Amino acid sequence: MIESSFTGEFQRMHRQINLLFGLAVAAGLSAFASLAAAQAPAPAPFVPHQLTPNVYWVEGGGGNSGVIIGDKGVIVIDAKTTAAGGKELLDNIAKITPKPVTTVILTHSDGDHVNGLVSFPAGITIISHENNKKELQAALSAGGRGAPPADHLPTQVVSKNKENLKLGGVKFELLHWAPAHTTGDLVVYLPDQKIVFTGDIIAMQLPDPLIHLEKHGSSEGWITTVKGIVALNADKFVPGHGDVQTKAALQQRLADATAKRAKIKDLVAQGKSLDEVKAAVDPPPAPGRGAGGGGRGGPAFATFTEVVFRELKPGA
Ligand SMILES: [Zn+2]
């Protein structure tokens with residue numbers, strides 16, 4: 001009797017201790033969570049910039065987006081990185097116009113330009129280069145982090161080097177010269193507004209062109225492409241990342257990359273190693289950072305020098 005009463009009392013206390021311990025853990029966790037929330041810097045709100053009465057670009061949350069207000073609906077260029085980013089972009093658009101988003105044009109397949117599509121309404125038209133769609137499908141079947149939303153794949157692909165469209169009464173030229181940043185790049189040109197959306201063919205966070213070898217981009221194709229871009233009758237160039245550029249700024253970037261590529265080609269012809277080439281053409285890497293061209297918190301991409309070297313010496 002005594003023993004069983006003791007056991008019962010012990011079990012009751014044990015349950016209470018467990019309960020108290022559980023509550024303490026829960027309280028601790030929620031205190032920690034609110035502390036973490038208080039300390040994490042709030043993401044900077046997106047910033048819409050107006051270029052003409054009906055054309056905007058929206059900064060923040062990944063790649064730049066374009067917003068073109070047509071007569072009945074809105075055409076968006078690139079959709080930000082995450083579901084929250086896609087929603088914030090749509091919220092920004094709703095402050096500009098009550099018209100619905102009808103169409104999205106993708107400049108390339110990178111997640112920071114595509115994955116916010118998950119928040120876009122079902123049934124909209126999504127336009128990309130055919131190789132972009134193939135890259136998205138490959139990323140989707142590989143699965144994992146950063147895979148694009150399966151129910152928002154391109155519904156219309158561009159396979160020619162130039163496609164003229166009229167969307168919402170606005171003239172668009174969708175242009176592709178060669179593989180550059182990726183094989184699926186589309187440059188969006190608004191001839192009446194003299195505005196070009198370049199995607200990451202121009203990415204201002206890096207001094208050199210950003211070329212994804214893993215998506216079969218090309219430094220030579222980049223030069224061909226940027227020659228095509230600066231030949232357009234335009235005066236505002238919205239890059240994939242960074243502020244609007246002038247034609248003179250892009251011509252300078254083209255001249256710099258062309259000269260750097262030629263220098264790398266000479267050094268490779270002289271039999272120099274990658275390290276020797278880097279030492280000759282690149283500034284020394286900043287302390288604490290790898291040689292890669294990352295710097296967006298994402299993976300460190302191959303630098304322009306590495307890309308050109310590998311193109312000229314495949315398998316080296
Ligand atoms: Zn990109």
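The structure presented is a predicted model; accordingly, all values stated were derived computationally and were not measured. Both ligands and their constituent atoms are indexed starting at 1 by order of listing. Count residues from 1 along the sequence.
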Identify, by name, the N, O or S atom of Asp110 lying closest to the Zn ion (ligand 1).
-> OD2
N-O pairing of [X] and [Y] below 4.0 Å:
X	Y	result
Asp266	Lys272	no
Glu173	Lys162	yes
Asp208	Lys260	yes

Could you tell me whether the Zn ion (ligand 1) has an N, O or S atom of [X] under 2.8 Å away?
X	answer
Asp200	yes
His113	no
His181	yes

With under 30° as parallel and over 60° as perpendicular, where do the rings of His181 and His108 fit, or are they tilted in between?
->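 Geometry flag for His108 against His181: perpendicular rings.
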